Amino acid sequence: MLQLWIRWLRHRWADDAVRQLPSGLSDRLAAHVRRGERTHSGEIRVSIESALPGSYLLQSAGMKTLVRQRAVDEFSRLRVWDTEYNNGVLIYLCLAERAIELVADRGIQHKVDDTYWAELIGTLGESLQAGRWETGLCTAIDAVSQTLQTHFPLASGQHNPNELSDTPSIR
């Protein structure tokens, strides 16, 4: 019971994600996503939240399960699932839990081994723990772009509409 209260307080008192991130990071990440998406037909979204909503904290599931569920919900809310080739990827960060999740749509999920995504999360986690936010996120975006380019490359002159916003969702 005490751990639930501590969890609740940590999430309720979490500082706004916008204030926790370096100034201008959102614009630089959006530019990075935009640049990467020029090489493939996939879509990349980044979602950064300071804390989980209260409705998640009332559930009895473990925190890893709750963060994963929240990432999947963000995947849906941001419509990452709604791309022509089902090849959207969400990079999700929950700052209060210092947790990272990657959610890949079915078009790319079946082409990439789960250990690849786990390694990518591990590398990003190391960068964030060392305070290298921008480097870590840009490296993760580059890695996802490279993976999408391998499986969904653009042919010369192929039409490539930007189906989703490149700007990170930061709340």
Side-chain angles (χ1 to χ4, degrees), residues 10-53 56 67-68 70-105 107-109 112 116-117 119-154 157-171:
R10 185 175 56 239
H11 284 261
R12 295 294 50 108
W13 287 347
D15 199 5
D16 186 327
V18 173
R19 290 191 297 188
Q20 293 185 58
L21 300 175
S23 177
L25 179 62
S26 178
D27 292 338
R28 292 189 298 275
L29 290 176
H32 215 74
V33 167
R34 193 173 310 112
R35 196 170 31 253
E37 289 181 352
R38 289 184 189 140
T39 64
H40 54 77
S41 64
E43 293 289 328
I44 300 171
R45 286 296 318 255
V46 177
S47 174
I48 303 171
E49 290 188 309
S50 61
L52 294 175
Y56 287 79
V67 170
R68 179 69 183 175
R70 180 62 181 171
V72 170
D73 289 346
E74 282 293 286
F75 182 85
S76 176
R77 184 184 73 81
L78 296 171
R79 303 183 65 87
V80 182
W81 57 269
D82 194 16
T83 61
E84 184 174 355
Y85 301 107
N86 301 313
N87 56 1
V89 177
L90 174 72
I91 300 171
Y92 174 79
L93 276 63
C94 176
L95 301 180
E97 289 299 323
R98 299 178 181 188
I100 304 164
E101 286 288 336
L102 288 174
V103 182
D105 203 354
I108 186 69
Q109 179 64 37
V112 179
Y116 172 77
W117 300 118
E119 289 173 7
L120 189 57
I121 289 172
T123 301
L124 176 56
E126 290 171 10
S127 291
L128 298 180
Q129 283 182 336
R132 297 186 313 264
W133 287 82
E134 188 164 348
T135 301
L137 284 166
C138 288
T139 300
I141 291 167
D142 287 344
V144 171
S145 281
Q146 183 64 43
T147 302
L148 288 167
Q149 186 178 9
T150 298
H151 298 287
F152 297 94
L154 286 178
Q158 180 179 347
H159 179 63
N160 185 26
N162 190 19
E163 300 175 85
L164 302 174
S165 172
D166 298 331
T167 303
S169 171
I170 301 175
R171 312 193 286 167

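Note that this is a predicted model, so its numbers are computed, not measured. Residues: numbered from 1 along the sequence shown. Excluded from the calculations below are hydrogen atoms, water molecules and symmetry mates; all remaining heavy atoms, backbone and side chain alike, are included.
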Student: Identify the two heavy atoms, one from S76 and one from W81, that lie closest to each other, and give their separation to 0.1 Å.
Tutor: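 Looking at all heavy atoms of both residues, the closest pair is O-NE1, 3.2 Å.
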
Student: So which heavy atom on I170 is nearest to which on A17, and how close?
Tutor: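 For I170 versus A17, the nearest heavy atoms are CG2-CB, 3.7 Å.
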
Student: Looking at residues at least two apart in the chain, or sitting in another chain, which of them share a side-chain hydrogen bond (donor to acceptor under 3.5 Å, both in side chains) with T147?
Tutor: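 By the side-chain hydrogen bond (donor to acceptor under 3.5 Å, both in side chains) rule, T147 matches Y116.
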
Student: Is any side-chain heavy atom of C94 closer than 4.5 Å to a side-chain heavy atom of H11?
Tutor: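 Result yes, sub-4.5 Å side-chain heavy-atom pair found.
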
Student: Between F152 and G107, what is the shortest heavy-atom contact and its length?
Tutor: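 In this case the closest contact between F152 and G107 is CZ-O, 3.4 Å.
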
Student: Report the C-alpha distance between S169 and E74 in whole Å, list the side-chain angles of each, state the deciding distance to 0.1 Å, and finish with yes or no for side chain to side chain contact (heavy atoms under 4.5 Å, CB included).
Tutor: CA-CA 9 Å; S169 171; E74 282 293 286; 4.2 Å; yes

Student: Could I get the full list of side-chain hydrogen bond (donor to acceptor under 3.5 Å, both in side chains) partners for D73, not counting sequence neighbours?
Tutor: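 In terms of side-chain hydrogen bond (donor to acceptor under 3.5 Å, both in side chains), with neighbours along the sequence ignored, D73 is linked to Y56.
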
Student: Taking side chain to side chain contact (heavy atoms under 4.5 Å, CB included) as the definition, give me every residue that meets it alongside Q149, ordered by chain and number, with sequence neighbours left out.
Tutor: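 For Q149, the residues satisfying side chain to side chain contact (heavy atoms under 4.5 Å, CB included) (neighbours in sequence not counted) are T39, H40, Q146.
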
Student: Supply the atom-to-atom distance S47 OG to L90 CG, rounded to the nearest 0.5 angstrom.
Tutor: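 Taking OG in S47 and CG in L90, the distance rounds to 6.0 Å.
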
Student: Quick one: list whatever passes side-chain hydrogen bond (donor to acceptor under 3.5 Å, both in side chains) with E84, sequence neighbours left out.
Tutor: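 E84 satisfies side-chain hydrogen bond (donor to acceptor under 3.5 Å, both in side chains) with no residue once adjacent residues are dropped.
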
Student: Does the side chain of V80 come within less than 4.5 Å of D105's, by heavy atoms?
Tutor: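 SC-SC contact between D105 and V80 ruled out.
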
Student: Evaluate side chain to side chain contact (heavy atoms under 4.5 Å, CB included) for W117 paired with V89, printing each intermediate quantity in order.
Tutor: CA-CA 11 Å; W117 300 118; V89 177; 4.3 Å; yes

Student: Kindly write out the residues that satisfy side-chain hydrogen bond (donor to acceptor under 3.5 Å, both in side chains) with R12, not counting sequence neighbours, or none if the list is empty.
Tutor: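 side-chain hydrogen bond (donor to acceptor under 3.5 Å, both in side chains) list for R12, sorted by chain: empty.
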
Student: Tell me the salt bridge (charged side-chain N to carboxylate O under 4.0 Å, His left out) pairs involving residues 35-48, sequence neighbours left out?
Tutor: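 Matches after skipping sequence neighbours: none remain.
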
Student: What pair of heavy atoms forms the shortest contact from I108 to G88, and how long is it?
Tutor: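 Reported closest heavy-atom pair: CG2-O, 4.1 Å.
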
Student: Which atom pair, heavy atoms only, marks the closest approach of L29 to C138?
Tutor: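 Of all heavy-atom pairs spanning L29 and C138, the closest is CD2-SG, 4.0 Å.
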
Student: Measure the shortest side-chain to side-chain distance between L164 and L78 over non-hydrogen atoms and say whether it is less than 4.5 angstrom.
Tutor: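 Answer no - side chains too far apart.
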
Student: Short question: side chain of Q20, backbone of S50 - any donor-acceptor pair under 3.5 Å?
Tutor: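 No; judged by distance alone, with no hydrogens or angles, the pair does not exist.
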
Student: With rounding to the nearest 0.5 angstrom, report the CG to CG distance, L95 to D15.
Tutor: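 Reported to 0.5 Å precision, the distance equals 9.5 Å.
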
Student: Show the nearest heavy-atom pair for residues D16 and V18, with the distance to one decimal.
Tutor: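 Heavy atoms of D16 and V18 come nearest at OD1-N, 2.8 Å.
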
Student: With rounding to the nearest 0.5 Å, note down the distance linking CG in L102 to CD1 in I44.
Tutor: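 L102 atom CG to I44 atom CD1 measures 10.5 Å (nearest 0.5 Å).
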
Student: Can you list every pair that meets salt bridge (charged side-chain N to carboxylate O under 4.0 Å, His left out) and has a residue in residues 127-142, with sequence neighbours left out?
Tutor: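 Passing the test, one end in residues 127-142: R28-E134.
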
Student: Please tell me if the side chains of P53 and R70 come closer than 4.5 Å, counting only heavy atoms from C-beta onward.
Tutor: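 The answer is yes, as the side chains (C-beta and beyond) meet within the 4.5 Å cut-off.
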
Student: Is any side-chain heavy atom of S26 closer than 4.5 Å to a side-chain heavy atom of L21?
Tutor: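 No - every pair of side-chain heavy atoms lies 4.5 Å or more apart.
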
Student: Only counting residues at least two apart or in another chain, list the ones meeting salt bridge (Lys or Arg N to Asp or Glu O under 4.0 Å) with R98.
Tutor: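 By the salt bridge (Lys or Arg N to Asp or Glu O under 4.0 Å) rule, R98 matches no residue at all.
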
Student: Between S127 and T139, is any pair of side-chain heavy atoms under 4.5 Å apart?
Tutor: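 Not touching, per the 4.5 Å side-chain cut-off.
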
Student: Can you list the residues that meet the side chain to side chain contact (heavy atoms under 4.5 Å, CB included) rule with D82, with sequence neighbours excluded?
Tutor: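 D82 satisfies side chain to side chain contact (heavy atoms under 4.5 Å, CB included) with R79 only.
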
Student: Can you check whether V103 reaches Y92 side chain to side chain, under 4.5 Å on heavy atoms?
Tutor: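 The answer is no, as the side chains (C-beta and beyond) never meet within the 4.5 Å cut-off.
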
Student: With sequence neighbours left out, which residue pairs that include part of residues 157-169 fulfil the salt bridge (charged side-chain N to carboxylate O under 4.0 Å, His left out) condition?
Tutor: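 Salt bridge (charged side-chain N to carboxylate O under 4.0 Å, His left out) check on residues 157-169 returns R34-D166.
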
Student: Can you list the residues that meet the side chain to side chain contact (heavy atoms under 4.5 Å, CB included) rule with I100, with sequence neighbours excluded?
Tutor: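 So I100 forms a side chain to side chain contact (heavy atoms under 4.5 Å, CB included) with L93, I121, L124, L128.
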
Student: Could you pull out all residues at least two apart from E101 that satisfy salt bridge (Lys or Arg N to Asp or Glu O under 4.0 Å)?
Tutor: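 Counting only residues at least two positions away or on another chain, E101 forms a salt bridge (Lys or Arg N to Asp or Glu O under 4.0 Å) with K64, R68.
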
Student: Does the pair V67 and L52 meet the rule for a side chain to side chain contact (heavy atoms under 4.5 Å, CB included), with working shown?
Tutor: CA-CA 8 Å; V67 170; L52 294 175; 4.3 Å; yes

